[in-house]
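Data first, discussion second: the structure below is written as structure tokens.
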Amino acid sequence: MGQSLVYKILASHVVDGKIASGQPIGIVIDQTLTQDATGTTAFLLFESMGTATAKTKLSVSYIDHNLAGFGPENHNDHLYLQTIAAKAGLYLSRAGNGICHQVHLERFAKPGLTLLGSDSHTPTCGGIGALAIGAGGLDVAAAMAGGPFYLTCPKVLGVKLTGKLGNWVAAKDIILKLLGQLTTKGNVNWAVEYFGEGASTLSVPQRATITNMGAELGVTTSIFASDEETKKFFVAQKREKDYQPLTADPDAEYDRIVEINLAELQPMAACPSSPDNVKPITEIAGIQTGQVVIGSCTNSSFADLMMVARVLKGRCINNMVEFAIAPGSRQVLNNLAENGALSDTISAGARILELGCGPCIGQGLSPANGVVSLRTFNRNFPGRSGTTNDQVYLVSPETAVASALTGRITDPRDLPKLLGIEYPKIEIPDEFTINDNMIEKPLTEEEAAKVKVMRGPTIVVPQMAPSLPQQLQGQVLIKCGDKITTDHIMPAGRYLKLRSNVPEYAKVVFNCYNEQGKPTFAGRCLELKAKGIAGIIVAGKSYGQGSSREHAALCPMYLGVRAVIAKSIERIHKANLINFCIVPIEFAKPADYDKIKTEDLLQIDNLLKAIEHSDEVKIIDASNSFEFAGKLTLSARDREILLSAGLLNYTRKKVNE
Ligand code: MIC
Ligand code: SF4
């Protein structure tokens with residue numbers, strides 16, 4: 001029986017366990033990436049592991065999220081990251097060089113390698129044939145220290161692409177179509193592999209748009225084969241030596257196959273406020289829009305922005321639209337500047353934003369109240385833009401630019417008829433202008449020894465969890481519904497700059513549920529903690545969707561949360577909970593969720609014994625005098641980590657052994 005590409009790469013990297021779906025496995029990590037919003041914690045934890053230099057083949061630290069610089073926090077972080085990278089033998093991509101996923105794709109990723117990144121969109125590099133996985137910063141720190149990465153061996157969904165995209169229909173429409181079908185929940189421990197003659201018609205940046213948004217499906221990773229298109233990309237990046245062809249076996253077996261005919265696709269949008277609330281543009285065309293933003297790690301490649309520039313050339317955006325562009329990398333911006341496309345874009349009225357995540361993570365450009373904002377990003381979770389009750393639609397660059405011109409949500413296929421604009425065929429240069437002078441290279445050991453690591457006062461080493469008790473007594477601090485994202489738990493936006501200071505950042509845990517004049521979630525937690533009572537979070541399906549930010553576990557742990565009881569928990573967040581010693585429990589009977597109320601007192605006797613060797617735990621609701629069962633779906637290693645009071649202690653214990 002033939003192997004899928006996912007299984008081929010897993011098989012060549014496995015060091016623990018057996019490659020079979022559902023099995024816990026440990027794989028060797030070739031490359032890591034970290035970014036500044038998750039990176040400071042990752043490096044502080046890396047330092048406390050006592051390993052002097054990174055043991056991977058290549059590790060890159062990126063500065064791309066926290067660029068606004070209101071107050072000293074961002075720059076303190078940058079200096080810490082730059083000096084610790086120099087000390088630990090890493091590459092560092094400086095502020096202004098671009099978004100980690102775009103730059104990693106351009107300059108570092110290779111087919112057949114494993115890449116672990118402390119950002120959920122790390123699978124972007126699956127577009128080049130790498131097995132790229134997002135994880136919490138502590139897992140990435142452990143990989144940098146030379147440890148394997150542990151995961152559940154995924155099932156593989158084969159997505160067979162046939163036909164060819166029509167004019168004005170984009171890669172974004174392919175992944176939106178799939179999100180509409182598969183939704184953002186229920187895909188934990190699956191990987192997606194794209195194949196078929198339609199797949200070979202797509203360029204690497206188009207493939208990367210698709211694998212990027214596999215994060216929104218909640219799958220472990222997404223991948224395309226490495227083929228002639230991949231080779232073209234490597235040649236244009238002047239790194240042909242990094243190319244190697246790589247495909248699944250011709251008779252590869254998949255756990256499930258879905259088919260998408262690219263020729264039948266039409267422009268789509270993810271409507272407010274979830275990436276799976278997908279509708280064809282034809283159904284929402286005509287809605288007035290006051291803001292259009294093109295960028296983010298999903299859609300800010302050279303080809304995307306060239307198409308936008310060609311459409312805008314000689315025209316002006318609608319007078320009621322605020323229009324902004326955030327190119328994905330300095331390479332993209334340089335090449336647009338050199339060929340004049342940047343000038344066409346500026347002339348049409350675009351605001352040119354910094355090369356970074358920017359508005360995608362709520363760093364500026366929050367839309368006005370009630371204004372519809374069209375974005376080429378990957379997430380439109382409620383309030384992520386920085387505006388409460390925001391109306392964010394996720395669309396392709398084609399739909400975005402068409403709508404920027406008309407001021408209404410517009411099907412780009414109508415542009416020839418509406419404005420006489422023909423579909424621009426974009427020529428990709430055989431070779432891009434490349435300038436890596438904002439990427440600091442690893443130092444020699446001698447040079448590294450002289451580096452003094454700079455830790456500004458806003459950088460606080462996070463405390464680790466205390467051990468779990470045998471009898472856990474806790475109170476339900478919050479009961480939330482389905483699809484709670486890590487943005488709900490740990491807001492970014494104006495609080496993003498607090499990532500290196502857990503005691504400060506913890507004050508805004510579940511901030512979107514805090515009501516004025518009432519005690520905050522954090523305040524209630526700390527009050528309980530002082531009385532020796534643990535905090536418990538109760539949630540519905542798909543708890544912890546979205547980003548990899550481990551602060552969504554680290555900060556609640558700091559506040560005294562010791563257990564999450566949910567109908568289901570997403571992969572990265574569950575791993576983060578375990579790493580920071582919060583017990584992830586799933587309702588054995590989802591109906592028990594309905595019986596629990598906020599402020600109920602819950603008790604778990606024999607918690608440690610259950611973690612040691614049981615798949616179930618008995619939970620007593622003392623306030624309502626009933627008992628219910630919780631499922632513990634844990635690998636042997638997860639159990640050991642919880643019993644060791646978290647991954648850091650576990651790792652130290654293993655090193656000492
Ligand atoms: C995001 O898109 O939400 C982020 C910001 O890139 C996060 C990482 C973080 O919270 O720092 C992600 O996707 O993992
Ligand atoms: Fe940055 Fe947005 Fe991509 Fe996250 S999704 S890495 S915030 S551009």
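Throughout, numbering of the chain's residues begins at 1 and tracks the sequence. Side chains included, hydrogens not; waters and symmetry mates left out as well; all remaining heavy atoms used. Counting convention: from 1, in listed order, for ligands and their atoms alike.
By the criterion of a separation under 2.8 Å, the protein N/O/S atoms near atom 3 (Fe) of ligand 2 amount to Cys297 SG.
For atom 11 (O) of ligand 1, the nearest non-hydrogen atom from the set Glu550, Glu216, Arg499 belongs to Arg499. The heavy atom nearest to atom 13 (O) of ligand 1, out of those in Ser296, Cys297, Ser120, is found in Ser120.
Protein heavy atom in closest approach to atom 4 (Fe) of ligand 2: His65 NE2, 3.9 Å. Here the protein heavy atom with the shortest distance to atom 8 (C) of ligand 1 is Gln35 NE2, 3.2 Å. For atom 7 (C) of ligand 1, the nearest protein heavy atom (residue, atom name, distance) is Ser547 CB, 3.2 Å. Residue, atom and distance of the protein heavy atom nearest to atom 10 (O) of ligand 1 are Arg549 NE, 2.7 Å.
Residues Tyr543 and His573 bring their aromatic ring centres within 6.0 Å. The six-membered or imidazole ring of Tyr80 lies away from that of Phe43, with a centre-to-centre distance of 6.0 Å or more.
Annotation for ligand 1: atoms under 4.0 Å from non-hydrogen atoms of Thr38 are 9 (C), 11 (O). Close contacts of ligand 1 with Ile361, meaning ligand atoms under 4.0 Å from a residue heavy atom, involve 3 (O), 5 (C). Against a heavy-atom cut-off of under 4.0 Å, His65 is close to the following atoms of ligand 1: 4 (C), 5 (C), 6 (O). In the vicinity of Ser548, heavy-atom distances shorter than 4.0 Å reach the ligand 1 atoms 12 (C), 14 (O). When each atom of ligand 1 is checked for a heavy atom of Ala37 under 4.0 Å away, the hits are 11 (O). In summary, the atoms of ligand 1 found under 4.0 Å from a heavy atom of His121, numbered by their order in the structure, are 13 (O).
Enclosure of atom NZ in Lys541 is not indicated, since only 12 or fewer non-hydrogen atoms of other residues, nucleotides or ligands lie within 6.0 angstrom. Within a 6.0 Å sphere centred on CD of Gln463, heavy atoms belonging to other residues, nucleotides or ligands number 12 at most.
Counting heavy atoms from C-beta outward, Glu216 and Asp276 have side chains that stay 4.5 Å or more apart.
Residue-ligand proximity: Arg379 is placed with a non-hydrogen atom under 4.0 Å from ligand 1. Judged by the shortest distance from any of its heavy atoms, His551 lies outside the 4.0 Å radius around the atoms of ligand 1.
When each of Arg94, Gln35, His104 is checked for a side-chain hydrogen bond (donor to acceptor under 3.5 Å, both in side chains) with Tyr62, only His104 meets the rule. Each of Ser385, Ser547, Ser120 was checked for a side-chain hydrogen bond (donor to acceptor under 3.5 Å, both in side chains) with Arg379, and the lone residue meeting it is Ser120.
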Quiz item: Hey, mind stepping through Ile133 and Thr220 against side-chain contact (heavy atoms from CB on, under 4.5 Å) and telling me if it holds?
Solution: CA-CA 6 Å; Ile133 303 176; Thr220 305; 4.2 Å; yes
Quiz prompt | Worked verdict on Leu342 versus Ile352 for side-chain contact (heavy atoms from CB on, under 4.5 Å) | solution = CA-CA 9 Å; Leu342 180 62; Ile352 308 299; 4.0 Å; yes
Practice problem: Kindly determine whether Met454 and Gln82 satisfy side-chain contact (heavy atoms from CB on, under 4.5 Å), including the steps that lead there. | Solution: CA-CA 9 Å; Met454 294 167 77; Gln82 190 163 357; over 6 Å; no
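For the pair Asn501 (side chain) and Leu498 (backbone), a donor-acceptor distance under 3.5 Å is absent. At least one donor-acceptor pair under 3.5 Å links the side chain of Asn514 to the backbone N or O of Phe521.
Using a cutoff of 4.0 Å between basic side-chain nitrogens and carboxylate oxygens, Asp77 and Arg499 are not scored as salt-bridged.
Only the side chain of Arg384 comes within 4.0 Å of ligand 1, judged by heavy-atom distances.
Under 3.5 Å, the side chains of Asp304 and Asn299 contain a donor-acceptor pair of N or O atoms.
Remark: ligand 1 and Asp119 share an N or O pair separated by less than 3.5 Å (distance only, no angle test).
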